[in-house]
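Data block below; observations after.
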Protein chains: 2
Amino acid sequence: MAERKREKRDPQQRRAEILAAAFACFSERGFAATRMEDVAARAGIAKGTVYLHFPDKEALFTELVSGIATPILGQIDGLAANEAIPPRFAISMFYTLFKREVLETERRHLLRLILAEGPMFPAVTEFYHREIISKGLGVLRILLARAATRGDLRNPAIAEVPQIVIAPALLSIVWTTLFEAYEHLDTQNLFDAFLETLFVPEGGAK
Amino acid sequence: MAERKREKRDPQQRRAEILAAAFACFSERGFAATRMEDVAARAGIAKGTVYLHFPDKEALFTELVSGIATPILGQIDGLAANEAIPPRFAISMFYTLFKREVLETERRHLLRLILAEGPMFPAVTEFYHREIISKGLGVLRILLARAATRGDLRNPAIAEVPQIVIAPALLSIVWTTLFEAYEHLDTQNLFDAFLETLFVPEGGAK
DNA sequence: AATGTTAATGACCGACCAGTCAGTCACAAT
DNA sequence: ATTGTGACTGACTGGTCGGTCATTAACATT
């Protein structure tokens, strides 16, 4: 039954398969509860093979969470570059991007993983702060400052606390991965209502 | 050295000591990484003794997280009861209460625990949604509706998404327990700026 | 003082699992 | 066909830890 034949692979491809399997396992069971054998089985290989590609469980985990994040980076700071884009539109795009690329994909589990396992892996937390949070806040700071000078913000003071923009995104992640089963949250509505609260209504800007 | 003598105790007190020790251990290392022996040692007793008070590790954990939350409940819905209290003030008090009773105490670790271990313990998640989140949202819904009819809200539509009010609180928990070491977040400022954004400025109300 | 009662102890058991490594097999080179 | 290479395998090891229980100590009763 399901006789698994030995099969050589391109190392890159094998690596990717292991990472994909590891992602699935870690996502649904957490770091501690995931067994290396589970990962191997999911990747369709033997346990020992995993160790040909990653030194140990922790390395597999950290490489995984670091690797998945990087691709998103490019998209983010593209938003601040073009000064012609109205700040409100840019932040709206930020939410849309977040929704489409994270919240509604398997990547949302990655974020939960970082929230959950972060304290156990300071290196991962530090990496995320440096590469994602810090850069994201930088972009938001620019956008909010621009919005403030244009008179687009109902409360210009929030330009000093760009974390506020992240708050609904964080909430949506936590809600959908914890409470969605008990009570639905309309994230689109959440983001829309929040944007409408931050920015003065249409026609209010000069 | 430190010869530990046998010592009988009032069962209630012993229980409380074990729960306190368990809270400390689970908070700082998570469920999986905490050993029952750690808990026992921290409580100053032998491992077997823990099992005289709790059937197993999981029961200890769930009882712990359920038990600590309950006391906060009373304070919360006191805020909605009195109609004379202006909604803005009530929500401001909500943040103050949250800051003083959760964010700046050891209880903040409890919240992180639920975020982190929640998916592993559906019973706990369900309990929290039912007893805390759901009730809290109910109160917020009332307060926001009241504020909307008084014309206090810059964007009345948020009365339909009370989760928005929770978002900054959630962010503050996650930030302080994950990123505070790398970048400070002034939570008072966060809450103040957010309140100022939600509500029309002084004198704007009727 | 002797006896009974019960909380407390910690050595022990067995399940579990990260990581290893001697051996195997697919494929390439000759 | 034969041989060499190294990716792959999975039984095994060493250690860990949740949970048990025979024993012991503290206290109560007589």
Side-chain angles (χ1 to χ4, degrees), chain A residues 1-26 28-65 113 117 120-121 123-124, chain B residues 1-26 28-65 113 117 120-121 123-124:
Chain A
M1 57 201 71
E3 283 297 316
R4 182 133 284 283
K5 286 272 135 249
R6 273 170 181 244
E7 194 177 356
K8 290 200 179 186
R9 288 299 190 85
D10 169 50
Q12 288 304 317
Q13 192 180 342
R14 201 19 64 95
R15 240 182 112 78
E17 285 171 1
I18 295 172
L19 282 170
F23 179 44
C25 293
F26 285 138
E28 64 191 37
R29 322 179 61 144
F31 179 80
T34 294
R35 296 178 302 135
M36 289 301 266
E37 223 169 320
D38 296 337
V39 175
R42 195 132 183 176
I45 57 178
K47 185 160 71 150
T49 308
V50 177
Y51 287 91
L52 297 177
H53 297 267
F54 300 90
D56 56 24
K57 193 182 178 186
E58 191 170 322
L60 176 60
F61 181 79
T62 58
E63 186 147 331
L64 174 71
V65 293
L113 262 187
E117 315 282 0
M120 307 285 249
F121 302 92
V124 170
Chain B
M1 58 201 69
E3 282 297 316
R4 182 131 288 281
K5 285 271 134 249
R6 274 170 184 242
E7 193 178 356
K8 292 199 176 184
R9 286 300 190 84
D10 170 52
Q12 288 304 318
Q13 192 181 341
R14 193 37 51 100
R15 241 183 111 78
E17 285 172 3
I18 295 172
L19 282 170
F23 180 44
C25 293
F26 285 138
E28 63 192 36
R29 323 180 60 147
F31 178 80
T34 294
R35 297 177 302 134
M36 289 301 264
E37 225 169 318
D38 297 337
V39 175
R42 196 131 179 178
I45 57 179
K47 184 162 67 150
T49 307
V50 177
Y51 287 90
L52 296 178
H53 298 265
F54 300 91
D56 57 22
K57 192 183 179 185
E58 193 170 322
L60 176 60
F61 181 79
T62 58
E63 187 147 333
L64 174 71
V65 293
L113 261 188
E117 315 282 359
M120 306 286 246
F121 301 92
V124 171

- Message: I want to verify a distance call: between D:dG19, C:dA8, D:dT9, whose nearest atom is closest to the B:Arg14 side chain?
- Response: C:dA8
- Report yes if some heavy atom in the side chain of B:Ile45 is under 4.5 Å from a heavy atom in the side chain of B:Glu17; otherwise report no. no
- Task: Provide, to the nearest angstrom, the distance between the CZ atom belonging to A:Phe54 and the P atom belonging to C:dA18.
- Result: 16 Å
- Query: When the distance from CG of B:Leu52 to C1' of D:dA22 is rounded to whole Å, what number comes out?
  - Reply: 14 Å
- Distance, nearest 0.5 Å, that separates CZ of A:Phe31 from CD of A:Glu58: 6.0 Å
- Note on the structure: Taken to the nearest whole Å, CG/A:Asp10 to C1'/D:dC8 is 15 Å
- Let me know the distance between CZ of B:Phe26 and C1' of D:dG18, rounded to the nearest Å. 12 Å
- Query: Is there a donor-acceptor pair closer than 3.5 Å between any side-chain N or O of A:Lys47 and the backbone N or O of A:Arg35?
  - Reply: no
- To the nearest angstrom, the CD-C1' distance between B:Glu17 and C:dA7 comes to 14 Å
- Message: With heavy-atom distances below 4.5 Å as the criterion, would you say the side chains of B:Phe26 and B:Lys57 are in contact?
- Response: yes
- Is there a side-chain contact between B:Leu60 and B:Met36, using heavy atoms and a 4.5 Å cut-off? yes
- Message: Would you say A:His53 places a side-chain N or O within less than 4.0 Å of OP1 or OP2 belonging to D:dA7?
- Response: no
- How many angstroms lie between CD in B:Glu117 and OG1 in B:Thr62, if you round to the nearest 0.5 Å? 12.5 Å
- Find the distance A:Asp56:CG to C:dG19:P and express it as a whole number of Å. 5 Å
- Query: What's the CZ-P distance between A:Arg35 and C:dC16, to the nearest Å?
  - Reply: 9 Å
With 3.5 Å as the limit, what N/O pairs link the protein to nucleotides 20-24 of chain C?
{"unit_1": "C:dG23", "atom_1": "N2", "unit_2": "A:Arg6", "atom_2": "NH2", "d": "3.2"}
{"unit_1": "C:dT24", "atom_1": "O2", "unit_2": "A:Arg6", "atom_2": "NH1", "d": "2.7"}
{"unit_1": "C:dT24", "atom_1": "O2", "unit_2": "A:Arg6", "atom_2": "NH2", "d": "2.9"}

- Provide, to the nearest angstrom, the distance between the CD atom belonging to A:Glu37 and the C1' atom belonging to C:dG19. 12 Å
